[in-house]
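The structure appears below as structure tokens.
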Amino acid sequence: MKLSETLRFSLAIITRKPGRAIIVFCSIMIGTAAMLLFLSFANGLEQAVLTPILGRSSPTTLIISPNYRSLDFLTGGTKITNQVVEEIHQTTGVQKVDRQLSLGFPNSLRMSLFGIEITSDVPVFGVDENITNGDENYIPVAISPYLIDLFNSSFAESLPGASRLSPETVLHRHLTLIFGKSSFFSVEVGNNETREKAAEVTTLSTRVPPVGISIPMSIALEINQSFGKTAPSEAVFQQLFVETKTVDDISGVKTAIETMGFSARSFEELGEEVRLLANTIRVILFFAAAIILIIAFFALFALISIIIIEYQKNIGILRALGASRQTIVQIFLFFAVILTFAGILGGMFLSYGSSLIIERVLKNTLPDLLFLAGDFFPFSYRLVGEVGFGVLVAALLFAYFPVRSATKREILALLWR
């Protein structure tokens with residue numbers, strides 16, 4: 001039988017009762033769209049997190065923190081103290097050690113921006129970096145540019161009288177730091193000293209957490225002693241940024257620090273951990289979409305099984321007229337390919353259209369956030385090709401088994417109903 005005749009028989013099966021075929025088509029379309037949406041979102045999420053990490057990375061920088069994979073930190077065995085900082089600084093190949101201090105007591109931040117009072121419990125960090133000094137009556141403060149984005153998306157578009165901020169309008173603005181007090185838990189610690197300190201934003205830095213601030217380490221240690229009752233010599237640091245002299249020194253310094261019982265990671269290794277987390281999310285989303293597709297494939301399996309029963313005598317007649325088993329298989333596989341290919345194309349258009357709508361909603365809700373993905377659903381030809389090919393192969397496997405069982409029957413058994 002010619003290929004054109006085989007295709008004509010396949011189309012006749014579809015057009016005879018199109019309602020059933022439409023149901024299978026819609027199932028495959030929805031499953032394909034879900035697979036493309038979920039996997040592309042996982043790719044966008046990975047890039048959104050990786051870009052800021054790798055963007056601030058340095059091939060000669062290590063991030064040092066307590067080894068949380070062991071239980072030693074619970075007993076104080078891996079605390080980063082001044083003695084540890086000095087030992088690391090004396091390690092061969094180390095050029096500079098930056099400390100990051102988390103104040104050891106509840107505290108809150110009050111900020112007034114364009115008449116809007118913002119009060120929240122946030123971590124206040126001291127980091128060894130070049131924070132520009134301002135007015136001597138104010139504590140110089142560094143903030144993350146991401147904090148400006150958070151304000152613009154959360155307040156500037158919703159509160160009356162609020163204006164959008166820019167780095168230029170934020171610099172040299174004043175805010176109030178409330179030390180020894182938690183605005184959320186209503187807890188007060190420390191002595192009776194004045195808890196409110198006037199501060200001035202003098203520097204923008206990506207080293208500062210998005211929801212925190214940074215003050216000079218010397219001032220942070222003094223405040224920690226005043227309200228947290230911790231002497232500067234007894235301060236415990238959250239993490240360190242260790243700068244080595246050359247890239248070749250990274251391996252030796254990393255080994256030495258890990259021998260001391262601490263975790264030492266490069267920005268690249270931190271990126272690998274993010275990739276591992278992203279891959280875990282990708283697998284979860286893949287199986288969620290796969291469940292939808294499996295339901296669609298079983299619908300295809302059931303439809304072909306029903307059609308084979310209905311066309312059993314027709315199959316027997318074709319076999320009696322000389323059609324081979326292979327020809328019968330081709331007719332039904334062409335039927336499956338037409339439905340599946342149409343479903344894949346429909347899924348591609350559905351997923352792309354849905355991604356545009358969702359992305360527009362997200363960007364209107366969260367405008368200009370630098371730490372969010374520029375493209376929430378980064379479709380690629382490779383992703384679309386892999387998903388389309390995988391769906392087609394899986395559908396053909398589900399379609400082949402009922403057809404194969406039917407072609408094994410003898411001609412008389414097919415004709416005798």
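The figures here come from the full heavy-atom set of this structure, side chains too, leaving out hydrogens, waters and symmetry mates.
- When every heavy atom of Val84 is checked against every heavy atom of Lys79, the shortest pair comes out as CG2-O, 3.7 Å.
- No donor-acceptor distance shorter than 3.5 angstrom exists from the side chain of Thr244 to the backbone of Val94, with no hydrogens or angles considered.
- Between Met348 and Val384 there is a side-chain heavy-atom pair separated by less than 4.5 Å.
- No side-chain heavy atom of Glu272 sits less than 4.5 Å from a side-chain heavy atom of Leu276.
- To the nearest 0.5 Å, the span separating CD1 on Ile80 from CD on Gln100 amounts to 9.5 Å.
- Listed here is the closest heavy atom pair of Glu87 and Met260: OE1-CE, 3.3 Å.
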Start with the C-alpha gap between Arg99 and Val85, add the side-chain angles, then the distance that decides, and say whether side chain to side chain contact (heavy atoms under 4.5 Å, CB included) holds. CA-CA 8 Å; Arg99 300 164 293 170; Val85 173; 4.1 Å; yes
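- Nearest heavy atom pair, residue Ala142 against residue Ser205, reads CB-CB, 4.5 Å.
- Here Thr202 contributes atom OG1 and Asp135 contributes atom CG; the two are 11.0 Å apart, rounded to the nearest 0.5 Å.
- Aromatic rings of Phe38 and Phe286 (six-membered ring for Trp) have centroids beyond the 6.0 Å cut-off, not under it.
- Side-chain atoms of Leu101 and Gln238, non-hydrogen and from C-beta on, never get closer than 4.5 Å to each other.
- The CD1 atom of Ile131 sits 9.0 Å away from the OG atom of Ser218 when rounded to the nearest 0.5 Å.
- Between the side chains of Gln95 and Glu243, no donor-acceptor pair of N or O atoms lies under 3.5 Å.
- Considering only heavy atoms from C-beta on, Glu200 stays 4.5 Å or farther from Ile139 through its side chain.
- Under the 3.5 Å distance criterion, the side-chain polar atoms of Asn133 are left unmatched by any main-chain donor or acceptor of Pro140.
- Taking each heavy atom of Asn82 and Glu234 in turn, the nearest pair found is ND2-N, 4.3 Å.
- Within the 4.5 Å cutoff, no side-chain heavy atoms of Leu350 are placed close to those of Thr32.
- Expressed to the nearest 0.5 Å, how far OG of Ser263 lies from CD1 of Ile64 amounts to 7.5 Å.
- The nearest pair of heavy atoms linking Leu300 to Ala395 is CD2-O, 3.6 Å.
- Partner Leu240 forms a side chain to side chain contact (heavy atoms under 4.5 Å, CB included) with one of Ile257, Val97, Asp98 and no other, that one being Val97.
- Using cut-offs of 30° and 60° for the angle between ring planes, the Phe298 and Phe398 rings count as perpendicular.
- Panel note: side chain Thr203, backbone Thr132; a donor-acceptor pair is recorded below 3.5 Å.
- Contact of the Leu293 side chain with the Ser27 side chain is not registered, since no non-hydrogen atoms from C-beta on lie closer than 4.5 Å.
- Looking only at side-chain heavy atoms (C-beta outward), Phe379 and Ser351 come within less than 4.5 Å of each other.
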Worked verdict on Phe237 versus Met217 for side chain to side chain contact (heavy atoms under 4.5 Å, CB included): CA-CA 11 Å; Phe237 302 98; Met217 181 60 67; 4.0 Å; yes
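- Note that the CG atom of Leu345 and the OG1 atom of Thr340 stand 11.0 Å from one another [nearest 0.5 Å].
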Determine, stepwise, if the pair Phe335 / Leu303 fulfils side chain to side chain contact (heavy atoms under 4.5 Å, CB included). CA-CA 11 Å; Phe335 167 81; Leu303 176 59; 3.7 Å; yes
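- Side-chain contact between Thr61 and Ser266 is absent, with no heavy-atom pair separated by less than 4.5 Å.
- Electrostatic pairing of Arg275 and Glu269 does not count as a salt bridge here, judged by no charged N lying under 4.0 Å from a carboxylate O.
- There is a side-chain donor-acceptor pair under 3.5 Å between Ser166 and Thr169.
- Expressed to the nearest 0.5 Å, how far CZ of Phe287 lies from CD1 of Ile292 amounts to 14.0 Å.
- Judged by distance alone, the side chains of Gln225 and Thr230 never bring a donor and an acceptor atom under 3.5 Å apart.
- Inspection of the Ser40 and Asn43 side chains reveals no N or O donor paired with an N or O acceptor under 3.5 Å.
- Between the side chain of Ser226 and the main chain of Ile223, no donor-acceptor pair closer than 3.5 Å is present.
- Closest approach of Ala235 to Leu221, counting heavy atoms only: CB-CD2, 3.7 Å.
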Using side chain to side chain contact (heavy atoms under 4.5 Å, CB included), reason through Phe297 and Val391 one step at a time and then give a plain yes or no. CA-CA 9 Å; Phe297 295 150; Val391 171; 4.1 Å; yes
